[in-house]
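Along the sequence shown, residues carry numbers from 1.
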Amino acid sequence: MGKTIPRCLQQLDLRKSVVGLATGAGAIYLLYKAIRAGIKCQPPLCSNSPICIARLAIERERHGRDSGEIRRLLNSLECKQDEYAKSMILHSITRCVYLLEAEASACTTDDISLVGEMLDDKDNSVKIQALNALKAFSGIRKFRLKIQEHSIKVLELISTIWDTELHVAGLRLLNNLPLPDYVHPQLRRVMPALMEIMQSDYVLAQVQAVRLLSYLAQKNDLLYDILNCQSSQPGSLLFEVLVFAERLSEGRNSGHYRAVKWHYNEQSLHEALFGDESRLADRLLSLVIHPEEEVQIQACKVIVSLQCPQDLGSRPSACRPSHSYFKNGE
């Protein structure tokens, strides 16, 4: 105890400094280990989260290397899986195809066939996810011919299963493909189903059905089948379309609307229905002999509204003269 008090205090301060340095170094080391562990503990590649899939795309772009995710998913699909697992795998394949275009392009037609086989699964959710995956692959030109081979199966599904999500998925796929002529016989058989979908309450399915029918209407050998098609509610859809056309015609001829000088795009609905090059009234004449009376009456109303604007209807001379709608004396 020969040390003086000041000397003891100096040694104590020194020891505190050493301990403080050691503690600080330990904290820094622990912080380093935590950061390193955090880097190593990123979500695995098999994660189905959108963030994980997006990270794969970013990594591929940065390093120019194949993540192998699509191949891993396809290999998993070949193994025996339950319906839920197959559905999730197909869902992940769809997202990967959109995000990892180079990897998707490296797939083979055998891979497309594997996905196509899932259309025969007993579970509708698996069918829907398979349709979505084929739709994703159809964006790659080299796979379109192979995917076309499944067109007849897709038409069979949308015409025999009443499932709105399946209808949307199947029709979106068909609308993304050039349909070959050998599919036309099957298309004729599914026309009533397409009309039913158009009259459903599900807007997305309606839009896709209309798109497909609009495309098919350009095929000469299918035009008659479309025009002659009937459904469980014959004439109702046609009647509603005619009511819509009449209301548009009445609206555009109202004094309030005509008070403004409107300019329309060449591709607008106005130009298609009421433009100088439109022959809507000529086309509607065929409906005057439609088997359903309400369609006949509504077609006549539209024709009259086209020829005689409402605000000028009291003056016969104001009606637009017609040279092609009826022959002289009729």
Side-chain angles (χ1 to χ4, degrees), residues 171 191-220 222-330:
L171 290 167
M191 289 295 179
L194 292 176
M195 295 298 292
E196 289 293 325
I197 294 171
M198 284 180 61
Q199 296 176 89
S200 69
D201 296 326
Y202 198 62
V203 176
L204 291 178
Q206 288 177 324
V207 170
Q208 294 301 324
V210 170
R211 282 189 61 193
L212 180 59
L213 286 169
S214 297
Y215 165 75
L216 299 178
Q218 302 173 71
K219 306 292 184 181
N220 291 330
L222 292 174
L223 184 57
Y224 173 78
D225 298 277
I226 296 173
L227 293 173
N228 196 45
C229 185
Q230 295 186 5
S231 68
S232 62
Q233 303 175 39
S236 62
L237 181 64
L238 179 57
F239 175 77
E240 293 299 331
V241 171
L242 289 170
V243 170
F244 177 53
E246 183 193 16
R247 289 174 181 171
L248 287 176
S249 181
E250 291 175 349
R252 65 183 284 272
N253 288 326
S254 66
H256 177 74
Y257 193 80
R258 289 164 64 90
V260 179
K261 186 175 178 60
W262 303 96
H263 297 279
Y264 299 99
N265 186 286
E266 291 181 0
Q267 305 299 320
S268 67
L269 182 61
H270 177 277
E271 291 303 299
L273 295 178
F274 313 116
D276 294 336
E277 302 300 320
S278 172
R279 297 180 59 248
L280 179 59
D282 297 63
R283 295 186 174 96
L284 289 177
L285 283 176
S286 62
L287 295 179
V288 174
I289 58 172
H290 192 276
E292 296 189 35
E293 185 178 359
E294 69 172 3
V295 173
Q296 296 176 17
I297 295 171
Q298 193 59 42
C300 290
K301 286 182 178 180
V302 178
I303 293 172
V304 171
S305 72
L306 291 172
Q307 297 306 299
C308 299
Q310 269 191 332
D311 59 339
L312 302 177
S314 59
R315 291 179 290 165
S317 60
C319 293
R320 201 189 317 170
S322 173
H323 300 291
S324 60
Y325 303 144
F326 297 97
K327 294 180 181 179
N328 292 333
E330 292 185 351

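Residues passing the side chain to side chain contact (heavy atoms under 4.5 Å, CB included) test with Ile297, sequence neighbours excluded: Glu293, Lys301. Not counting sequence neighbours, Asn220 has no partner by the side chain to side chain contact (heavy atoms under 4.5 Å, CB included) test. Residues that satisfy the side chain to side chain contact (heavy atoms under 4.5 Å, CB included) test with Glu271, not counting sequence neighbours, are Tyr264, Ser268. Remark: Tyr202 engages no residue in a ring pair (Phe, Tyr, Trp, His ring centres under 6.0 Å) (not counting sequence neighbours). Qualifying ring pair (Phe, Tyr, Trp, His ring centres under 6.0 Å) partners for Tyr215, counting only residues two or more places apart in sequence or in other chains: none. Val203 meets the side chain to side chain contact (heavy atoms under 4.5 Å, CB included) test with Gln206, Val207; sequence neighbours excluded.
Put simply, CZ on Arg252 and CG on Leu306 are 7.5 Å apart, with the number rounded to the nearest 0.5 Å. To the nearest 0.5 Å, atoms OG (Ser305) and CZ (Arg247) are separated by 12.5 Å. Separating the CD1 atom in Ile303 from the CD atom in Gln298 is a distance of 11.0 Å, to the nearest 0.5 Å. Taking CZ of Arg283 as the reference point, atom CG of Leu273 lies at 10.0 Å (rounded to 0.5 Å). Rounded to the nearest 0.5 Å, atoms CG (Leu204) and CD1 (Ile197) are 12.5 Å apart.
Using a 4.5 Å heavy-atom cutoff, the side chains of Val302 and Leu287 are not in contact. In this structure, Leu213 and Met191 have side chains that are in contact, with non-hydrogen atoms separated by less than 4.5 Å. Contact check for Asp225 versus Leu216: no side-chain heavy atoms found under the 4.5 Å cut-off. Side-chain contact between Leu212 and Gln208: absent, with no pair of heavy atoms (C-beta onward) separated by less than 4.5 Å.
Counting non-hydrogen atoms of neighbouring residues, nucleotides and ligands closer than 6.0 angstrom, the CG atom of Asn265 exceeds 12 such neighbours.
Nearest approach of Pro291 to Gln296, heavy atoms of both residues: C-NE2, 4.3 Å.
Between the side chain of Ser249 and the backbone N or O of Ala245 there is no donor-acceptor pair closer than 3.5 Å.
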